[in-house]
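What follows is one structure encoded as structure tokens, with my remarks underneath.
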Amino acid sequence: MIDQTVKDEFKHHLSQTRFGYGAYALIDFESEKFETYQLIRHNQESNLKIWFDLASVTKALTLAGAWLAKPEIFTDEMIMLLEHRAGLPFWGRLSKDSWRESVSQYTPKKSETEYSDFSALRLTLEIQKKASDLYALTDSYRDPEVCFWKDLPEHSFSPVTGWRRGKLISGEVHDDNCFVIGEKVGHAGLFGTIEGLSKTLINYNRELGLISKMLPLLKAEHSRFVRGFDTVQNLDTTLAGPGCSEQTFGHTGFTGTSFWIDATKNRGWILLTNGSYPYWYDRLKLNALRRSLGQLSWL
């Protein structure tokens, strides 16, 4: 599945970056097979089990996953929160003791799409009112190699993703609010290996009907986010990579993670990196890598 052209392109683009760790997977959802390819510093091929901070990909696996598993508990207001159309601020510093009150003070109201961690956190609370435990709704469908950051196996390896209080972040969630809250919330917090995330997406499709539920929604008129998944706005410039169809969905993560699934091709791809280190604000080379691998993935 992964030919030498893809491997060479991965090596070329990763060598232009400073973060140094990358893992790629190509998934065939029809056959439920996948193949992975992983590079570590100095473009060395590696089978090392690397646990990447999935960052906002967590939203797709928990919040969108909750909709897949229990769509009947979602009200119209909860759908607006899930699709970032509820008018909540996009971000703000929260405290462990008062974060619930902080995100609950806003009245959700229909608005233009604005990507919002506060919206994801508010939805976490709304789901917990009906199901008590957000993660429990989808835990059984996630592979053991996708887990909450506090549950990482002992001595597991995780690349550095940045700094916190003058120390390198490794094996701890990069998102400050998630770190401070310290609980299983929906906006960030999951770590995973490339194999674990590949198996998880296959499980979500087989057990929860991921593609079959998303396809009709993607064919209808929709805003950017559909049931918590990002979609393609421009076929030529999308981070999913040129060559995908309009019925493509997925999610990206701040640490340099992403996955995309073309519902018409029954094919998907994943890229995991530690792209927030050392320069979190430098997205150009990371996004060039995303588009290049994406384009080759759809051939």
Side-chain angles (χ1 to χ4, degrees), residues 1-14 17 19 21-39 45-47 50 52-61 64-65 142-143 145-146 190 192-206 210-211 214-215 218 226 229-275 283 285-299:
M1 292 170 68
I2 300 178
D3 61 23
Q4 193 60 45
T5 301
V6 174
K7 294 178 181 179
D8 290 344
E9 192 73 0
F10 196 1
K11 286 184 176 180
H12 167 71
H13 280 279
L14 197 66
T17 71
F19 42 87
Y21 289 88
Y24 167 79
L26 190 60
I27 306 172
D28 183 329
F29 287 95
E30 187 170 349
S31 66
E32 297 190 344
K33 293 181 179 179
F34 68 93
E35 187 173 334
T36 65
Y37 183 67
Q38 193 165 259
L39 296 172
E45 297 180 16
S46 172
N47 292 319
I50 302 176
F52 291 90
D53 182 343
L54 300 182
S56 285
V57 168
T58 300
K59 294 181 176 74
L61 300 180
R142 281 194 294 276
D143 186 80
E145 290 187 8
V146 175
L190 285 177
T193 67
I194 190 67
E195 292 85 2
L197 184 52
S198 299
K199 292 176 182 177
T200 295
L201 292 176
I202 289 173
N203 289 344
Y204 275 35
N205 189 55
R206 182 199 308 122
L210 173 59
I211 293 175
M214 286 297 294
L215 186 56
L218 294 167
V226 176
F229 295 98
D230 204 353
T231 62
V232 172
Q233 301 297 291
N234 185 312
L235 289 171
D236 295 323
T237 61
T238 175
L239 293 179
C244 64
S245 75
E246 292 180 342
Q247 284 75 55
T248 300
F249 64 99
H251 215 290
T252 59
F254 181 77
T255 51
T257 57
S258 54
F259 76 87
W260 294 96
I261 298 169
D262 189 327
T264 64
K265 299 178 187 288
N266 273 319
R267 183 187 302 175
W269 66 276
I270 302 169
L271 175 65
L272 303 180
T273 78
N274 61 321
R283 302 274 101 173
K285 292 174 182 176
L286 169 62
N287 288 342
L289 171 60
R290 283 168 161 163
R291 292 189 178 97
S292 178
L293 288 181
Q295 183 172 26
L296 292 173
S297 298
W298 306 127
L299 297 177

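We count residues from 1, following the sequence as given.
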Can you say whether the rings of Tyr24 and Trp269 are parallel (under 30°), tilted (30 to 60°) or perpendicular (over 60°)?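 Geometry flag for Trp269 against Tyr24: tilted rings.
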
For [X] against [Y], the heavy-atom pair lying closest together:
{"X": "Ile194", "Y": "Gln38", "answer": "CG2-OE1, 3.9 Å"}
{"X": "Thr257", "Y": "Asp53", "answer": "CG2-O, 3.4 Å"}
{"X": "Trp260", "Y": "Ala240", "answer": "CD2-CB, 3.4 Å"}
{"X": "Leu215", "Y": "Gln247", "answer": "CD1-CG, 3.7 Å"}
{"X": "Ala25", "Y": "Thr36", "answer": "CB-CG2, 3.9 Å"}
{"X": "His251", "Y": "Ala60", "answer": "CB-CB, 4.1 Å"}

Side chains of [X] and [Y] in contact at under 4.5 Å (non-hydrogen atoms):
{"X": "Val57", "Y": "Leu190", "result": "no"}
{"X": "Lys11", "Y": "Glu45", "result": "yes"}
{"X": "Cys244", "Y": "Leu235", "result": "yes"}

More than 12 heavy atoms of other residues, nucleotides or ligands under 6.0 Å from [atom1] of [X]: yes or no?
{"X": "Asp8", "atom1": "CG", "answer": "yes"}
{"X": "Lys265", "atom1": "NZ", "answer": "yes"}
{"X": "Glu32", "atom1": "CD", "answer": "yes"}
{"X": "Lys33", "atom1": "NZ", "answer": "no"}
{"X": "Glu35", "atom1": "CD", "answer": "yes"}

Mark yes or no for whether [X], through its side chain, and [Y], through its backbone, hold a donor-acceptor pair below 3.5 Å.
{"X": "Asn274", "Y": "Phe19", "value": "yes"}
{"X": "Ser297", "Y": "Leu293", "value": "yes"}
{"X": "Arg291", "Y": "Thr237", "value": "yes"}
{"X": "Thr193", "Y": "Gly196", "value": "yes"}

Can you measure from [atom1] ([X]) to [atom2] ([Y]) and round to the nearest 0.5 angstrom?
{"X": "Gln4", "Y": "Tyr37", "atom1": "CD", "atom2": "OH", "answer": "6.5 Å"}
{"X": "Ile261", "Y": "Phe29", "atom1": "CD1", "atom2": "CZ", "answer": "3.5 Å"}
{"X": "Glu145", "Y": "Ser198", "atom1": "CD", "atom2": "OG", "answer": "10.5 Å"}
{"X": "Leu286", "Y": "Leu14", "atom1": "CG", "atom2": "CG", "answer": "10.0 Å"}
{"X": "Leu239", "Y": "Leu289", "atom1": "CG", "atom2": "CG", "answer": "10.5 Å"}
{"X": "Thr252", "Y": "Leu271", "atom1": "OG1", "atom2": "CG", "answer": "11.0 Å"}

Working note: Ile270 + Leu201, criterion side chain to side chain contact (heavy atoms under 4.5 Å, CB included); need CA distance, chi angles, decisive distance, verdict. CA-CA 10 Å; Ile270 302 169; Leu201 292 176; 3.9 Å; yes

NZ or CZ of Arg142 within 45° of Tyr204 ring axis and under 6.0 Å: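 No, Arg142 does not sit over the ring of Tyr204.
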
Should Glu246 and Thr248 be marked as a side-chain hydrogen bond (donor to acceptor under 3.5 Å, both in side chains) after you check the CA-CA gap, both sets of side-chain angles, and the distance that decides it? CA-CA 5 Å; Glu246 292 180 342; Thr248 300; over 6 Å; no

What do the steps show when you test Thr200 against Asp143 for side-chain hydrogen bond (donor to acceptor under 3.5 Å, both in side chains), and what is the final call? CA-CA 5 Å; Thr200 295; Asp143 186 80; 5.5 Å; no

Go through the steps for Phe249 and Leu210 under the test side chain to side chain contact (heavy atoms under 4.5 Å, CB included), then give the verdict. CA-CA 11 Å; Phe249 64 99; Leu210 173 59; 3.7 Å; yes

Side chain to side chain contact (heavy atoms under 4.5 Å, CB included) between Leu272 and Leu54, worked out: CA-CA 8 Å; Leu272 303 180; Leu54 300 182; 3.8 Å; yes

